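See below for the structure under consideration.
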Amino acid sequence: MNAKKKVVLVGANGTLGRAVHTALRERGHQVVTASRKGADITVDITDPESVREMYAQVAERVGEIDAVACAAGSVPWRPLSELGTDDIRSGLEGKVVSQVELVRQGVAHLPAHASYTLITGILAREPLLTGAVAALANGAVEAFVRAAAIELPGRQRINAVSPTVFEESLDAYGDAFAGFDPVPVARAANAYVKSVEGHQTGRIFLVE
């Protein structure tokens, strides 16, 4: 039997977040949802003060938590010739700095056995037209996960889930992922379960 955990799920309202929520709940875990709207706790992970307040609210409402799982992170999709400095900063802040901040601040709030699961994506390995910032952000998150794994205190763990395009999201991406084999979002959600319940750290769980 898996030990039941208290999990903060950031980005719970998106396609991936909803699937992760379902998978964790079905495994018996208590899930506290966090998002910009429509969640147990309101948070903007691009704002460090908002992240600080999220952890404060979590401690007040549910006490000690066992895991933080992030299914949120946005990046601009534009041709390289059209990218501006603001686009690059937006992508780094939206997917890299935001997730790093969840971990950086979490270290002081989570117990020694806690885990973090972040989100990256296939563009770290398979570049696409207009996806330069996404590739940059995904690669940065994966590098951070490997580096943070050897520095986290106690027995804290960190992993990332790196999926290809979801079957449920194909309509939104048009032909950008032509030739890629999409996967059901439930497979990526299972990778979160593996990270939350397992013992691995510094791993990038590929879902493709």
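The structure displayed is predicted, hence computed values, not measured ones. Numbering of residues begins at 1 and proceeds along the displayed sequence.
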>> As a quick check of understanding, evaluate side-chain contact (heavy atoms from CB on, under 4.5 Å) for Val10 and Met54, giving each step before the final call.
In response: CA-CA 10 Å; Val10 179; Met54 180 196 77; 4.2 Å; yes

> So His21 and Thr33, side-chain contact (heavy atoms from CB on, under 4.5 Å) or not? Walk me through it.
Replying inline: CA-CA 8 Å; His21 191 183; Thr33 60; 3.6 Å; yes

> Can you list the steps and then say if Arg78 with Thr130 is a side-chain contact (heavy atoms from CB on, under 4.5 Å)?
Replying inline: CA-CA 5 Å; Arg78 305 186 69 177; Thr130 76; 5.7 Å; no

>> Show, in sequence, the C-alpha distance, side-chain angles and deciding distance for Lys4 and Gln30, and conclude whether the side-chain contact (heavy atoms from CB on, under 4.5 Å) test is met.
In response: CA-CA 7 Å; Lys4 303 303 184 286; Gln30 178 182 347; over 6 Å; no

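Of all heavy-atom pairs spanning Ala19 and Ala189, the tightest one is O-CB, 3.5 Å.
At least one side-chain heavy atom of Leu128 sits less than 4.5 Å from a side-chain heavy atom of Phe177. When side chains are defined from C-beta on, Val68 does not count as touching Thr117, because their heavy atoms never get closer than 4.5 Å. By the 4.5 Å heavy-atom criterion applied to side chains, Trp77 and Leu123 are counted as neighbours. Here the side chains of Pro153 and Gln156 are in contact, with some heavy-atom distance below 4.5 Å. Counting heavy atoms from C-beta outward, Val103 and Leu118 have side chains that approach closer than 4.5 Å.
A continuous path of Ile, Leu, Val, Met, Phe, Trp and Tyr side chains, each step under 4.5 Å between heavy atoms, connects Leu152 with Tyr55, placing both in one hydrophobic cluster. Note on Leu24 and Val62: separate hydrophobic clusters, where clusters join Ile, Leu, Val, Met, Phe, Trp and Tyr whose side-chain heavy atoms are under 4.5 Å apart, directly or indirectly. Phe180 and Val185 sit in two unconnected hydrophobic clusters of ILVMFWY residues. Membership requires side-chain heavy atoms under 4.5 Å apart, directly or through other members.
Within the 3.5 Å criterion, the main-chain N or O of Val32 finds no donor-acceptor partner in the side chain of Asp40. Remark: the backbone N or O of Gly198 is paired with a side-chain donor or acceptor of Arg157 at under 3.5 angstrom. At least one donor-acceptor pair closer than 3.5 Å links the side chain of Arg18 to the backbone N or O of Asn13. Between the side chain of Tyr192 and the backbone N or O of Cys70 there is at least one donor-acceptor pair closer than 3.5 Å. No side-chain donor-acceptor contact under 3.5 Å links Asp66 to the backbone of Val7. No donor-acceptor distance shorter than 3.5 angstrom exists from the side chain of Tyr116 to the backbone of Ala160, with no hydrogens or angles considered. Side chain of Glu101 to main chain of Asp47: no donor-acceptor pair is present (N/O by atom type, distance under 3.5 Å, no hydrogens or angles). Here the side chain of Thr201 pairs a donor or acceptor atom with the backbone of Ile158 at under 3.5 angstrom. With Lys6 contributing its side chain and His29 its backbone, the two residues share no donor-acceptor pair below 3.5 Å. Of the possible donor and acceptor atoms, none in the side chain of Thr120 sits under 3.5 Å from a partner among the backbone N and O of Asn138.
By the 6.0 Å contact criterion, CD on Glu60 is open, its count of non-hydrogen atoms from other residues, nucleotides or ligands being 12 or less.
Between Glu208 and Arg125, at least one side-chain nitrogen of the basic residue sits less than 4.0 Å from a carboxylate oxygen of the acidic one, meeting the salt-bridge criterion. The existence of a salt bridge linking Arg27 and Glu197 is confirmed by a sub-4.0 Å separation between a basic side-chain nitrogen and an acidic carboxylate oxygen.
In this structure, Ser162 OG and Ile122 CD1 are separated by 7.0 Å, a value rounded to the nearest 0.5 Å. Here the straight-line distance linking atom CD1 of Ile45 with atom OG of Ser98 works out to 3.5 Å at 0.5 Å rounding.
Using a 3.5 Å distance cut-off with no hydrogens or angles, the side chains of Gln200 and Ser195 do not pair a donor with an acceptor.
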